[in-house]
Engineer: 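Next up is a structure, given as structure tokens.
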There are 2 protein chains.
Amino acid sequence: MAELQKSYPWTRTPLVACGPMRLIALSKLAFEVSNAGGLGFIGAGSDASILSAELEKVKQLQTSSSNFGSETSALPVGVGFLLWAGDKLLDDALPLLESYKPAAIWLFAPTEPQQLTKWTEAVRRVTQSKTKIWIQVGTVKDALEATKLCQPEVLVVQGTDAGGHGLEKCAGLIPLLPEVDDAVTAHCRAEGIAKPTMIAAGGIMDGRGAAASLALGASGFVMGTRYLASPEAVIAKGYQHAVLKAADGGINTARGKLYDTLRGTTDWPLHYGGRGVLNESHRDAEKGMSVKENKRRYDEALKLGDDGWGENARLTTYAGTGVGLVTEIKSAAAITEEVRGDAVSILKRTSSKL
Amino acid sequence: MAELQKSYPWTRTPLVACGPMRLIALSKLAFEVSNAGGLGFIGAGSDASILSAELEKVKQLQTSSSNFGSETSALPVGVGFLLWAGDKLLDDALPLLESYKPAAIWLFAPTEPQQLTKWTEAVRRVTQSKTKIWIQVGTVKDALEATKLCQPEVLVVQGTDAGGHGLEKCAGLIPLLPEVDDAVTAHCRAEGIAKPTMIAAGGIMDGRGAAASLALGASGFVMGTRYLASPEAVIAKGYQHAVLKAADGGINTARGKLYDTLRGTTDWPLHYGGRGVLNESHRDAEKGMSVKENKRRYDEALKLGDDGWGENARLTTYAGTGVGLVTEIKSAAAITEEVRGDAVSILKRTSSKL
């Protein structure tokens, strides 16, 4: 963590990051999280077309804040990429990364592990390693592979409770993070290399989950679903309202390929699925409705605007199993500060009682 | 928690419990956990036939220990029951519970919620409430229902990472426990009733998971899989060896009905499944092998004894996703003391760094 904080001098401990939710986490949300002492990520996804404008906006916002000293040589946000998109994404992104030098790139969902190496080497080269490499993993196997291939500065360890896309087969953070940590620590010791910082993701909604992740051995944590309920998220009101309303996510969300199928985002490697709140599309699919008819109704629902979302409607509400803990809209800065503060006070209070 | 400790004066904080693993957690394991300041459970399961002998053994063991003062009016272990077994189980168990007054009964998997009420009322009556009511839940809905119906002393909140049987659809502990806690706290405040103590289960293998569960708001935690690797567990060497060998449980375990089908334990309500380590039976089922042929091969494998277990063999290795954190055999007392101590020191160390 000490190493990371040297790279990100505006951040406070523990590090709070906002997940790079594709086309939802853009410059405003990412900047506000960083401006509150965290690290926000822009969700570029599989396409760099929005990236230039969003990075430029962050650069402008940065000049308006006194929170980023002159010692900050990197742009104080990160960018998340979906590596299955292929070489074109790297080709398009690389000049922008060279020019803006974001604090981090977050690499997720390669079609093959060598893509991780390709991105890592190219980005380190063009940014003189000012842009740090964050790699998202969900198994011990992938964590070891990423560490061996890339020696990333950060491993984002994502458990099964995460909203949106993640591994179809995956453990929760409570067993996953310690096992990843043990395996990666042993490998790095044996090889005499620096151990990546562990950042936890998946199901963290408030100070309690955050405190738990630190007890598991993480140096910081990511929230995604929680930031959906911020005014800075680029999200339809209907989607946001569905997030506030959903509860008991273990039974009222599911991970799978249905929502990708309906939305036409079918390029994901097969072992990933998207977790969303159960709705009419899901129930109809379970009852055996054809994909074609389900998609037709989905496309119809798109015309309803905000009314298209909800448990009795059809549009996709990607969210984690902890969605029931998200009950009000707060600014991204307030969320960042509250969860960071609560995590610390919960740990102090819990340990003082023992 | 204060209330619970009054009932269990031999226990230390935080409370460590051993899950009532059916026919694996018997008098010896349960007693050793309690004797080390925790609370062990005997896994009676769906049949009370072993119960009389096991409770009597605990009674004998208790007389050999100075850890249980005369103020202990209940037998210092609990008993776990599977409520789908029906009225006969209650009828058979009730005289034994009346006679031995175990510290707790752990109620799990009713066919209908009214069974919880029936058990709770009967057991409180015959034990003069000396036997405390622990009810296992895996959703916010079930937690509220159990609280309303029974006002149990304890809610065991089990997340999806648990080994053996649990809900097919379930969140991990990080989001689940806080949401259950919030909902139950609000209900109990509104009704002016005592709030059940929250005990966490599912994926806790060592001090890190234990510390995390306390940060989430639990007063104690349950381990199951971890105790499989103790000499006191009644478990075949082949099964135990398979537990020590398995790793990366997010991808190498799965929850489902296959192992129940092969073993012939098919009376579970449909929304429960058993999590076990993937093996040849699982792979053959995925490849489309008929249940009949798979079962024939399973029955053949039974003849192999200890060689019947393993990732390339066929017998069932029920275990949680954190099975990779279980790497050596230790006495149940050593596990209990180590995890309790580590949980405390991890919380103190983590909070002191913040």
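Sequence lines set the chain letters: A, B, ... in the order given, protein chains first and strands last, and positions in each chain run from 1.
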Engineer: If I measure from the heavy atoms of chain B, does A210(A) come under 4.5 Å with its side chain, its backbone, both, or neither?
Structural biologist: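 Neither the backbone nor the side chain of A210(A) comes within 4.5 Å of chain B.
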Engineer: Mind jotting down which residue pairs meet the side-chain hydrogen bond (donor to acceptor under 3.5 Å, both in side chains) criterion with at least one end in residues 166-176 of chain B? Sequence neighbours excluded, please.
Structural biologist: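 Those involving residues 166-176 of chain B are E168(B)-K257(B).
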Engineer: Measure I346(A) against the heavy atoms of chain B and call it side chain, backbone, both or neither at under 4.5 Å.
Structural biologist: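 Only the side chain of I346(A) comes within 4.5 Å of chain B.
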Engineer: Can you confirm whether L176(B) sits close enough to T321(A) that some side-chain heavy atom of one is under 4.5 Å from a side-chain heavy atom of the other?
Structural biologist: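 Of all side-chain heavy-atom pairs linking T321(A) with L176(B), none is under 4.5 Å.
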Engineer: For the backbone of G172(B) and the side chain of D161(A), can you confirm whether one donor and one acceptor N or O come within less than 3.5 Å of each other?
Structural biologist: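 Present.
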Engineer: So which atom in A215(A) and which in A212(B) form the shortest heavy-atom distance, rounded to 0.1 Å?
Structural biologist: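 It is CB-N, 3.8 Å.
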Engineer: Decide yes or no for V344(B) and S351(A): does some side-chain heavy atom of the first lie under 4.5 Å from some side-chain heavy atom of the second?
Structural biologist: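 No, every pair of side-chain atoms sits at 4.5 Å or beyond.
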Engineer: Counting heavy-atom pairs under 4.5 Å to chain A, which of K141(B), H271(B), M205(B) comes out on top?
Structural biologist: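 Ranked by heavy-atom pairs under 4.5 Å with chain A, first place is K141(B).
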Engineer: Would you say NZ of K245(B) has more than 12 non-hydrogen atoms from neighbouring residues, nucleotides or ligands within 6.0 angstrom?
Structural biologist: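 Counting neighbours around NZ of K245(B), 12 or fewer heavy atoms of other residues, nucleotides or ligands fall under 6.0 Å, so no.
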Engineer: Rounded at 0.5 Å granularity, tell me how far NZ in K353(A) sits from CG in L347(B).
Structural biologist: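 One finds 10.5 Å between NZ of K353(A) and CG of L347(B).
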Engineer: Which heavy atom of D248(B) sits nearest to which heavy atom of E179(A), and what is that distance?
Structural biologist: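 Smallest interatomic distance, heavy atoms only, reads N-OE2, 2.8 Å.
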Engineer: Let's test your reading of the structure: which of P178(B), A211(B), S352(B), G203(B) forms the most heavy-atom pairs below 4.5 Å with chain A?
Structural biologist: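 If we count pairs closer than 4.5 Å to chain A, P178(B) comes out on top.
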Engineer: Do V140(B) and I251(A) come close enough that some side-chain heavy atom pair is under 4.5 Å?
Structural biologist: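 Not touching, per the 4.5 Å side-chain cut-off.
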Engineer: Heavy-atom pairs under 4.5 Å with chain B - which of G209(A), S345(A), G324(A) has more of them than the others?
Structural biologist: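 Heavy-atom pair counts peak at G324(A).
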Engineer: Is there side-chain contact between L216(A) and T350(B), with heavy atoms separated by less than 4.5 Å?
Structural biologist: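 When only atoms from C-beta onward are counted, T350(B) and L216(A) do not touch, as no gap falls below 4.5 Å.
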Engineer: Decide side-chain contact (heavy atoms from CB on, under 4.5 Å) for D182(B) and R208(A); before the verdict, give the C-alpha distance in whole Å, the side-chain angles of both, and the deciding distance to 0.1 Å.
Structural biologist: CA-CA 11 Å; D182(B) 286 353; R208(A) 292 168 288 185; 2.7 Å; yes
Engineer: Return yes when atom NE2 of H241(B) has more than 12 non-hydrogen atoms of other residues, nucleotides or ligands closer than 6.0 Å, and no otherwise.
Structural biologist: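 Open.
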